[in-house]
*Asks:* 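Take this structure first; my questions come after.
Letters A, B, ... mirror the listed sequences (proteins, then strands); counts begin at 1. Treat the numbers as computed from the prediction; the structure is a model and nothing was measured. The figures here come from the full heavy-atom set of this structure, side chains too, leaving out hydrogens, waters and symmetry mates.
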Amino acid sequence: MNIFRILGDLSHLTSIIILLHTINTNKSTTGISLKTQILYVIVFITRYLDLFTKFISVYNTLMKIFFIISSVYIVYLIQYKYSQKHMVKQDLDNFKVEYLLAGSLLASLIFNYKFTPLEILWSFSLWLESVAILPQLMMLTRTGEADMLTTNYIFCLGLYRAFYIPNWFYRYFAEGHFDKLAVFTGLIQTLLYSDFFYIYYKNVIQARSSKLP
Amino acid sequence: KEERVKKDEL
């Protein structure tokens with residue numbers, strides 16, 4: 001494993017730890033999109049079905065199990081423990097995820113390495129991950145103001161995607177490894193994040209600094 | 001025999 005891949009995985013891990021830590025400290029899930037978190041549960045479960053079919057490494061297995069369990073746990077926290085049901089803000093999370101699911105399914109039926117259930121679900125998980133953050137971004141755009149939690153969380157997720165790009169370059173030249181589906185969907189995802197950071201920077205950071213005397 | 005892509009990334 002190269003340094004970019006490790007840094008990418010660590011950023012991903014960090015983003016989830018930040019989310020869990022903040023929820024449990026504040027005893028609140030305000031500002032977190034339930035829809036995005038449910039999409040991540042679907043992403044991890046459909047992608048890591050290979051836990052049952054092949055063993056890659058202890059690291060790989062542990063990370064996969066962590067991602068599945070933590071994503072389910074976060075949904076549980078939002079839905080039951082620190083429920084947002086009574087909050088008005090919940091209807092800010094009104095992104096039509098049906099389109100994301102349908103689009104990802106369609107894309108996975110067209111683009112896959114083999115027309116088998118496992119391969120289609122794996123491709124589906126890549127497409128879905130590339131757009132899963134959209135409900136969260138929409139929610140943030142609607143409220144206009146992002147708190148530190150969501151900003152830090154999304155920043156770490158963006159960092160994770162950014163590190164995967166030099167990782168692919170490295171692997172292509174060093175190992176001749178090139179996974180065109182992962183690279184293509186990964187690039188879409190990184191573009192979404194960079195677009196978000198650009199808008200966020202323009203609207204929030206610049207607006208905030210211009211307000212200062 | 002087709003070349004399988006090694007899926008060792010997360």
*Asks:* Quick one: do B:E9 and A:R171 make a salt bridge, cutoff under 4.0 Å?
*Replies:* yes

*Asks:* Side chain, backbone, both or neither: which part of A:Y164 has an atom under 4.5 Å from a heavy atom of chain B?
*Replies:* side chain

*Asks:* For a 4.5 angstrom cut-off between non-hydrogen side-chain atoms, does A:H177 reach B:D8?
*Replies:* yes

*Asks:* Does the pair B:K7/A:E119 count as a salt bridge with the N-to-O cut at 4.0 Å?
*Replies:* yes

*Asks:* In chain order, what residues pass the side chain to side chain donor-acceptor pair (under 3.5 Å) check against A:S123, with sequence neighbours excluded?
*Replies:* A:W127

*Asks:* Around A:F197, counting heavy atoms of other residues, nucleotides and ligands shown, do more than 12 lie under 6.0 Å from its CZ?
*Replies:* yes

*Asks:* Tell me, out of A:R5, A:R47, A:M1, who's got the most heavy-atom pairs with chain B below 4.5 Å.
*Replies:* A:R5

*Asks:* For A:Y198, look at atom OH and say whether over 12 heavy atoms of other residues, nucleotides or ligands are found less than 6.0 Å away.
*Replies:* no

*Asks:* If the contact rule is any heavy atom under 4.5 Å from chain B, which residues of residues 58-71 of chain A qualify, in numerical order?
*Replies:* A:Y59, A:N60, A:M63, A:K64, A:F67

